[in-house]
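Keep in mind that the numbers below use all heavy atoms, side chains included, and drop hydrogens, waters and symmetry copies.
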Amino acid sequence: MFAIKRKLKLNKAEQALMAQHAGFSRLVYNYGLDLFWQSVKAGCKASDSKRLQQIKKCLTNITKKRPEFAWMNTLSSKVYQSAFQDLHKAFSNWRKGVAKKPVFKRLNDCQSFTVYDGNGVVLVKAGKSIKVPTIGTLRLAESSQESYVSQTFTISQEGDGWYISFALFAERIPPILHEVAQAVGIDLGVKTFATISDGNEIEAPLPYKKATCGRTESSVRANRRAKIKLGKIQYRNRNKKLGNRKTGEKASNNAKKYYKKLARFHKRIADKRKDFLNKTTTSICKKYAHIRIEDLNVAGMIANGKLSSGVSDLGFYEFRRQLEYKASLYGTKLDIVDRWYPSSTDVSPIWAETRFKEAI
């Protein structure tokens with residue numbers, strides 16, 4: 001099973017509707033989390049599942065029937081049901097030690113909500129539109145070439161755009177043959193992003209530090225660094241009324257425009273980094289049958305003030321994460337070498353082929 005993500009092409013009314021559903025999901029999540037801890041402080045003894053079930057009944061039978069919450073009945077009921085499912089999963093991961101304790105969602109966080117078809121799977125037809133259960137038909141910015149079958153749809157906001165993602169009931173067939181059958185080692189670094197033991201080197205675009213900021217390479221701003229432009233944008237808007245929730249001050253219209261411009265800028269940088277990492281990891285898994293990478297302490301590297309910006313711009317953790325799940329998709333074997341093994345002491349480009357074999 002894998003997921004597909006597409007950008008939506010929405011008008012202002014549809015954008016407002018998506019924002020209402022995202023706010024509805026956030027409110028229900030915080031509502032359930034608040035009552036959960038209140039029941040714990042009150043001394044009620046019950047499992048997490050039973051607590052959330054009773055909280056859900058309280059929302060359905062009491063809260064939604066109040067006049068001030070009548071607007072909930074005009075939105076999709078699948079949204080608040082999915083919000084409780086997400087809250088239950090958050091508590092489950094916390095109990096297992098996989099994630100941290102659930103916290104309240106904020107308006108400044110990524111806005112998203114999930115809907116599903118309670119009757120079963122639905123057919124997502126090829127074309128420039130998609131029919132979302134309980135929401136309606138929405139337009140896609142990029143047409144879908146094939147038809148898919150799915151049940152759950154997640155709509156999220158990134159920057160000033162809205163995206164939809166859905167899981168497919170299908171499995172990828174991994175390739176049988178690779179171009180390179182022998183094992184290779186990959187060493188990640190700041191100056192050179194990746195050095196492969198067969199002599200190949202991969203350079204990162206550094207979207208935050210050195211990437212171009214203009215829409216085209218020939219633009220006047222093409223040689224400006226994204227970091228410098230980001231500082232100028234923030235400096236020029238330092239005197240705007242950005243709003244303060246504690247004092248009740250609302251953001252001005254110019255401040256709202258600034259927030260949208262800033263979000264678009266960060267989204268452009270993130271998209272460049274994401275595009276590079278996805279293309280690089282896919283090409284590596286397709287080419288090599290056996291890969292060995294080092295278990296880097298990324299958190300410790302980021303703690304170094306001189307390396308934090310460069311390491312964050314490269315995306316070491318995301319590179320490893322994508323290799324781990326793409327290795328099974330493309331039939332590639334992936335070995336993680338211990339981080340304390342002295343693999344970077346040899347300056348020879350063939351260090352990984354010898355040292356990683358000894359480590360394994």
Side-chain angles (χ1 to χ4, degrees), residues 7-38 55 58-59 62-77 79-80 82-84 86-87 90 100-115 135-136 138-139 141 154-164 208 213 221 226-271:
K7 185 176 182 179
L8 296 172
K9 187 178 181 181
L10 307 177
N11 54 34
K12 291 185 178 181
E14 292 171 339
Q15 291 179 7
L17 181 62
M18 299 302 107
Q20 290 175 2
H21 281 89
F24 183 27
S25 176
R26 182 179 65 254
L27 184 145
V28 172
Y29 186 93
N30 293 338
Y31 174 91
L33 184 60
D34 186 27
L35 290 185
F36 183 93
W37 293 121
Q38 288 186 23
I55 293 173
C58 179
L59 175 67
I62 300 176
T63 305
K64 289 185 66 176
K65 294 182 179 180
R66 294 180 178 177
E68 58 269 26
F69 294 102
W71 56 270
M72 291 184 177
N73 298 320
T74 62
L75 302 178
S76 173
S77 61
V79 173
Y80 84 88
S82 298
F84 276 108
D86 294 340
L87 185 58
K100 296 181 180 180
K101 182 188 297 186
V103 296
F104 292 100
K105 291 185 177 182
R106 303 180 306 164
L107 179 62
N108 295 333
D109 297 334
C110 179
Q111 304 301 308
S112 64
F113 64 94
T114 302
V115 294
I135 296 295
L138 304 175
R139 294 176 297 171
T154 300
I155 299 177
S156 59
Q157 184 183 24
E158 297 181 11
D160 59 345
W162 289 88
Y163 297 80
I164 184 170
Y208 177 64
C213 303
R221 299 172 294 175
K227 184 177 181 180
I228 296 176
K229 184 181 178 183
L230 178 61
K232 289 184 178 181
I233 292 176
Q234 294 174 336
Y235 178 79
R236 290 169 181 169
N237 295 275
R238 65 192 183 281
N239 294 326
K240 284 186 171 60
K241 293 184 178 180
L242 303 180
N244 191 326
R245 187 175 181 180
K246 293 182 179 180
T247 60
E249 180 185 2
K250 294 184 178 180
S252 63
N253 291 331
N254 285 333
K256 294 178 181 179
K257 294 179 183 179
Y258 157 68
Y259 282 133
K260 291 183 179 180
K261 183 178 181 180
L262 189 65
R264 286 195 300 266
F265 186 81
H266 280 289
K267 182 66 169 57
R268 193 180 306 124
I269 295 175
D271 286 345

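- From Gln157, atom CD reaches atom CG of Asp109 across 12.0 Å, with rounding to the nearest 0.5 Å.
- Of the possible polar contacts, none joining the Ser25 side chain to the Phe113 backbone as a donor-acceptor pair under 3.5 Å is found.
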Determine, stepwise, if the pair Ile269 / Leu230 fulfils side chain to side chain contact (heavy atoms under 4.5 Å, CB included). CA-CA 11 Å; Ile269 295 175; Leu230 178 61; 5.6 Å; no

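- In this structure, NE2 on His21 lies 11.0 Å from OG on Ser82, to the nearest 0.5 angstrom.
- Between atom CD1 of residue Ile155 and atom CD of residue Gln111 there is a gap of 13.5 Å, rounded to the nearest 0.5 Å.
- Remark: side-chain polar atoms of Arg238 are paired, donor with acceptor, to backbone N or O of Tyr235 under 3.5 angstrom.
- Scanning both residues, Asn11 and Arg139, for their nearest heavy atoms gives N-NH2, 3.9 Å.
- The salt bridge (Lys or Arg N to Asp or Glu O under 4.0 Å) check on Lys267 picks up Glu158, Asp271, with sequence neighbours excluded.
- In this structure the side chain of Glu249 reaches within 4.5 angstrom of the side chain of Lys241, judged on heavy atoms.
- Smallest separation of non-hydrogen atoms from Val115 and Ser76: CG1-OG, 4.0 Å.
- Inter-residue side-chain proximity for Lys261 and Lys257 is flagged as unmet; no heavy-atom pair is nearer than 4.5 Å.
- Residue Ile135 holds its CD1 atom at 9.0 Å from CD1 of Ile164, rounded to the nearest 0.5 Å.
- Between Met18 and Leu10, the closest side-chain pair of non-hydrogen atoms falls below 4.5 Å.
- Note: Phe24 and Trp71 have perpendicular aromatic rings, judged against thresholds of 30 and 60 degrees for the angle between ring planes.
- Residue Ala251 comes nearest to Lys256 through the heavy atom pair O-CE, 3.8 Å, listed as atom of the first residue, atom of the second, then distance.
- Other residues, nucleotides and ligands contribute more than 12 heavy atoms inside 6.0 Å of the NZ atom of Lys240.
- A donor-acceptor pair is defined here as one N or O able to donate and one able to accept, closer than 3.5 Å; no such pair exists between the side chain of Gln234 and the backbone of Gly231.
- A salt bridge is defined here as a Lys NZ or Arg NE, NH1 or NH2 lying under 4.0 Å from an Asp or Glu carboxylate O, and Asp160 with Lys260 fails to meet this definition.
- Between Phe265 and Lys229, some side-chain heavy-atom pair lies under the 4.5 Å cut-off.
- Distance CZ/Arg26 to CG/Leu107: 5.0 Å, rounded to 0.5 Å.
- Ile55 places a side-chain heavy atom less than 4.5 Å from the side chain of Phe84.
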Applying side chain to side chain contact (heavy atoms under 4.5 Å, CB included) to Leu59 and Phe69, what does each step give before you reach the verdict? CA-CA 10 Å; Leu59 175 67; Phe69 294 102; over 6 Å; no

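- Nearest approach of Tyr29 to Ala83, heavy atoms of both residues: CD1-O, 3.8 Å.
- Looking at heavy atoms from C-beta onward, Leu87 lies in side-chain contact with Leu33 at the 4.5 angstrom threshold.
- The side-chain heavy atoms of Leu75 and Tyr80, taken from C-beta on, include no pair separated by under 4.5 Å.
- A distance of 8.5 Å separates CG in Asn237 from CG in Leu262, rounded to the nearest 0.5 Å.
- Using a 4.5 Å cut-off on side-chain heavy atoms (C-beta onward), Met72 and Leu27 make contact.
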